[in-house]
Amino acid sequence: MPPKHHLVLAGGGHSHALLLRMWAMGPKRRPARTLISLVSRHSTALYSGMVPGLVAGLYQPGECAMDLRRLCARAGVAFLLAEISGLDLERQELLLEGRPGLRYDRLSLDLGAVTAGDPGGGRPVKPLEPFLAWLGSLPPGAPIRIRGGGQAAVEVALALGARGYQPELLLRGESLGLGSRSANRAGERLLAAASIPLRRQVPSDARADLACTGSRAPAWLAASGLPVDAASGRVLTEPSLQVLGHPDLFAVGDCGLIASDPRPAAGVWAVRAAPTLAANLQGSLEQPERPLRPWRPQARALQLLGDGGARRGQPQALALWGPLALGPSPWLWIWKQRIDRGFMQRFGALAPMAGGATAQPMACRGCAAKLAASPLSRALARLPAPPVETPSPTGPKPANPTSPLGIQGKQANATRGQAPQPEDACLVSTTASGELLLQSVDGFPALVDDPWLNARLTTLHACSDLWACGARVTSVQALVTVPEAGPQLQEDLLFQSLAGVRSVLDPLRASLIGGHTLEGRDGAGLALALTVNGTVAPEHFWPKGPLQSGDLLVLSRPIGTGVLFAAAMAGAAEATWLDGALALMQQSQAELVALLQAHGCRACTDITGFGLLGHLGEMVAAAGPGIASAGVELDGSAIPALAGCLELLEQGHASTLAPSNASALALLDGPIRLKAPLSAAQLALLIDPQTCGPLLAALPAEQAPDALAAMRAAGFAQAAVIGRVLGTPP
């Protein structure tokens with residue numbers, strides 16, 4: 001049945017991570033007829049129990065990070081990478097920075113915490129990610145003054161000492177803050193054994209490098225009008241985890257507090273709240289008339305405090321249970337490590353969506369969903385000749401029967417039997433001022449589950465056809481297909497999609513002038529197609545060719561999106577690889593038009609579904625009547641690749657369009673030659689289909705160095721010269 005409700009999970013805390021795992025392992029526990037979205041500022045969530053070991057250098061980041069994007073994919077949940085800025089209770093909307101808010105029917109808050117109190121000039125230890133980035137920038141052996149007490153401050157100090165820094169713990173009072181005299185004494189023994197100074201009664205204005213002064217919930221929760229605890233800012237809830245006075249809202253973890261039975265913020269309670277949260281979210285959506293299950297947290301929780309190996313030997317740990325303290329002991333550390341690794345193994349045990357690189361792959365989305373060149377070429381060739389010739393910006397260009405990609409899947413630019421013009425956009429007319437009016441069409445099934453981000457990526461991808469011709473985008477029409485769903489959900493999906501389109505057009509001063517909508521059938525998901533219009537002066541129009549001998553080929557940014565997203569569907573792509581790719585894909589290439597014009601660009605194309613080699617083959621073949629095709633020397637080692645893509649290609653991952661693109665490899669035995677032999681993975685990269693791919697421009701050799709420097713200064717840090725035009729091949 002189509003969904004009719006929207007459940008939004010705000011934050012990627014431990015409770016929400018476990019919730020995703022439950023739904024992935026047991027789909028029947030997932031609320032029926034409900035679209036679910038998770039919003040998080042990071043694509044991974046660090047497991048708090050292993051953070052001290054990470055700081056001490058005992059773990060690698062990947063060992064203690066839960067991949068939220070991968071969990072969402074397994075659980076059928078949309079993942080949105082965004083910063084939450086507030087909550088509009090009246091409109092039932094979660095507010096996000098830099099993009100439209102997200103409307104909800106149910107909202108669950110599991111946001112983690114920030115460092116409480118005045119940091120006294122020190123860097124807050126929470127949120128963790130900025131703290132870890134700062135730590136990585138420090139020189140070895142740096143002194144670090146830590147303000148604060150309690151278990152977190154002691155563990156951080158011990159971990160920093162184990163890593164070779166020189167920490168010093170600054171207390172405002174006398175107590176270490178571990179909850180009991182015996183615990184404080186045990187903690188002091190650990191600090192003394194690690195030679196970590198402990199200063200008491202430190203004035204509040206004393207300088208500190210790091211603040212570890214307890215935690216509180218994000219301030220926007222109180223500012224939104226939610227009932228919160230005055231001391232900690234945590235949202236007050238019923239035992240059912242519903243927010244007091246707001247039955248459609250739930251709060252857990254470090255940002256939630258049961259008003260009648262409070263517990264301190266700790267990972268153990270966040271973990272144990274997850275089953276109750278799962279049951280009550282499902283119950284409130286499926287059977288709202290029935291009472292929800294109360295959660296009765298245990299009175300005490302076992303806390304294991306590790307020293308990170310600060311004694312330069314076997315790591316040790318303390319066991320704290322209320323007023324009791326046991327240790328320190330190496331055996332307690334072994335126990336703690338077993339618990340922590342066991343927790344993380346619960347997430348690593350989830351089966352890949354497609355069974356890995358050797359299983360039958362799932363069909364790729366984005367531009368990798370385009371029709372392969374061969375059936376497209378044959379279908380167009382069967383059409384009879386048109387009654388009227390289609391105009392061309394550079395004059396009629398016959399098809400090149402020897403080019404494996406003489407026909408473009410995205411821009412056929414042909415009518416009934418006419419050979420498609422090998423340009424990225426077609427000429428519609430000439431304006432009154434003499435400019436060429438160009439048009440292109442592009443689109444594909446949703447590449448990502450976030451409708452706003454998907455529309456933004458699709459629009460950037462479609463606009464690159466015009467940018468590759470040297471044109472300015474002026475207007476767009478959109479064809480949006482939304483899945484079957486309740487009217488409110490369809491409205492929200494359409495709004496988010498159109499807002500994503502506008503996020504690209506508004507900075508360009510281009511208009512969304514119209515469009516059409518469709519409702520998907522038989523389970524069809526979100527899809528977007530765009531007609532893009534633009535103008536360019538005739539003297540500034542860039543064809544794909546002919547290429548001129550001696551010109552250098554400049555690629556504006558790395559490639560590799562096809563294999564990255566194919567591997568993501570198989571659960572094999574690391575979160576940081578996808579984060580980096582998506583950040584780069586969202587970078588508009590509009591400013592490159594003026595930059596390349598200023599440096600004498602003579603030919604250009606954008607690298608999309610047919611891969612670098614296929615689209616370079618179009619440039620090589622784009623010669624006019626009686627003009628011999630140019631040859632190209634390609635420097636494969638200079639081609640910039642997105643992080644992780646070569647590793648994935650070596651492992652056998654590939655886009656489902658790549659086998660069809662492999663026909664372009666025949667060009668390496670013809671007009672395109674390699675400067676040096678390439679590995680199998682490097683060859684596979686040449687035919688990898690790209691979404692939001694780079695521009696490939698042919699520039700005069702004397703202009704290329706300055707152009708490259710200007711591109712890098714403009715933010716295209718990995719722009720590179722990847723080849724040169726040789727002239728007519730033998």
Side-chain angles (χ1 to χ4, degrees), residues 1-8 23-24 27 30-38 69 72-80 102-103 105 353-354 360-372 375-376 379 409-410 412 441-462 476-501 512 514-532 561-562 565-566 568-570 582 585 608-609 655-657 660 689 691-692:
M1 296 288 288
K4 62 178 182 178
H5 303 297
H6 191 193
L7 166 60
V8 175
W23 291 338
R30 188 183 188 278
R33 301 196 64 184
T34 301
L35 173 68
I36 306 177
S37 303
L38 182 137
R69 186 185 285 111
C72 284
R74 299 297 175 272
V77 172
F79 175 76
L80 282 66
L102 205 60
R103 198 200 65 82
D105 296 301
M353 292 169 60
Q360 182 67 32
M362 298 179 67
C364 291
R365 299 184 291 178
C367 201
K370 73 192 303 178
L371 190 65
L376 175 63
K410 63 183 177 185
V441 63
D442 217 325
F444 36 72
L447 178 67
V448 294
D449 294 326
D450 176 350
W452 180 87
L453 177 58
N454 178 73
R456 177 171 172 81
L457 296 174
T458 306
T459 307
L460 287 165
H461 181 92
V476 163
Q477 291 194 85
L479 172 60
V480 186
T481 301
V482 296
E484 293 181 284
Q488 183 64 63
L489 282 179
Q490 289 187 324
E491 175 189 327
D492 294 340
L493 289 169
L494 179 59
F495 166 72
Q496 292 286 338
S497 296
L498 296 179
V501 173
L512 178 60
H516 189 67
T517 56
L518 293 171
E519 182 180 73
R521 291 289 185 266
D522 301 322
L526 187 69
L528 175 64
L530 301 167
T531 298
V532 185
T561 60
F565 284 95
M569 296 176 72
L582 286 167
M585 293 164 70
T608 56
S655 166
T656 49
L657 186 60
S660 297
T691 302
C692 297

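Just so you know, these numbers come straight off a predicted model, no measurement behind them.
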Set of residues satisfying side-chain hydrogen bond (donor to acceptor under 3.5 Å, both in side chains) with respect to Ser37, sequence neighbours excluded: His6
If you look only at distance, which donor and acceptor atoms sit under 3.5 Å apart when one is on a side chain in residues 483-491 and the other is two or more places apart or in another chain?
from, atom 1, to, atom 2, distance (Å)
Gln488, NE2, Asp492, OD1, 3.1
Gln490, NE2, Pro483, O, 3.0
Gln490, NE2, Glu519, OE2, 2.8

List the steps and the verdict of side chain to side chain contact (heavy atoms under 4.5 Å, CB included) for Leu530 and Asp442. CA-CA 5 Å; Leu530 301 167; Asp442 217 325; 5.8 Å; no
Interatomic distance, NE2@His5 vs CG@Leu35, rounded to 0.5 Å, equals 11.5 Å
Here the gap from Leu460 atom CG to Cys692 atom SG, rounded to the nearest 0.5 Å, amounts to 5.5 Å
Residue set satisfying side chain to side chain contact (heavy atoms under 4.5 Å, CB included) with Ser660, at least two apart, ordered chain then number -> Ala372, Leu657
Those residues at least two apart in sequence (or on a different chain) that pass side-chain hydrogen bond (donor to acceptor under 3.5 Å, both in side chains) with Asp450 are Arg99
Contact between Pro451 and Phe495 at the side-chain level, heavy atoms closer than 4.5 Å - yes or no? no
Interatomic distance, Phe565 atom CZ to Leu582 atom CG [nearest 0.5 angstrom]: 4.0 Å
Checking Phe79 against Val448 for the side chain to side chain contact (heavy atoms under 4.5 Å, CB included) test, could you report, in this order, the C-alpha distance in whole Å, the side-chain angles of both residues, the deciding distance, and whether it holds? CA-CA 8 Å; Phe79 175 76; Val448 294; over 6 Å; no
Salt bridge (Lys or Arg N to Asp or Glu O under 4.0 Å) filter on Arg456, not counting sequence neighbours, yields none
Taking only residues two or more places apart in sequence or in another chain, which ones pass side-chain hydrogen bond (donor to acceptor under 3.5 Å, both in side chains) with Thr561? Gln690
Exactly one candidate in Thr691, Val532, Leu447, Leu528 meets side-chain contact (heavy atoms from CB on, under 4.5 Å) with His461; the answer is Thr691
Does Thr34 reach the main-chain N or O of Ala32 with its side chain, forming a donor-acceptor pair under 3.5 Å? yes
Can you list everything that forms a side chain to side chain contact (heavy atoms under 4.5 Å, CB included) with Thr481? Sequence neighbours excluded, please. Leu518, Ala527
Closest heavy-atom pair and its distance - Asp105, Lys4: OD2-O, 4.1 Å
Between Val77 and Asp449, what is the shortest heavy-atom contact and its length? O-OD2, 4.1 Å
With rounding to the nearest 0.5 Å, note down the distance linking CD in Gln496 to CG in Asn454. 11.5 Å
If you take all heavy atoms of Ala455 and Ser497, which pair is closest and at what distance? CB-O, 3.0 Å
Rounded at 0.5 Å granularity, tell me how far CG in Leu80 sits from CH2 in Trp452. 9.5 Å
Kindly indicate whether the side chain of Thr517, heavy atoms from C-beta on, has any atom under 4.5 Å from the side chain of Val482. no
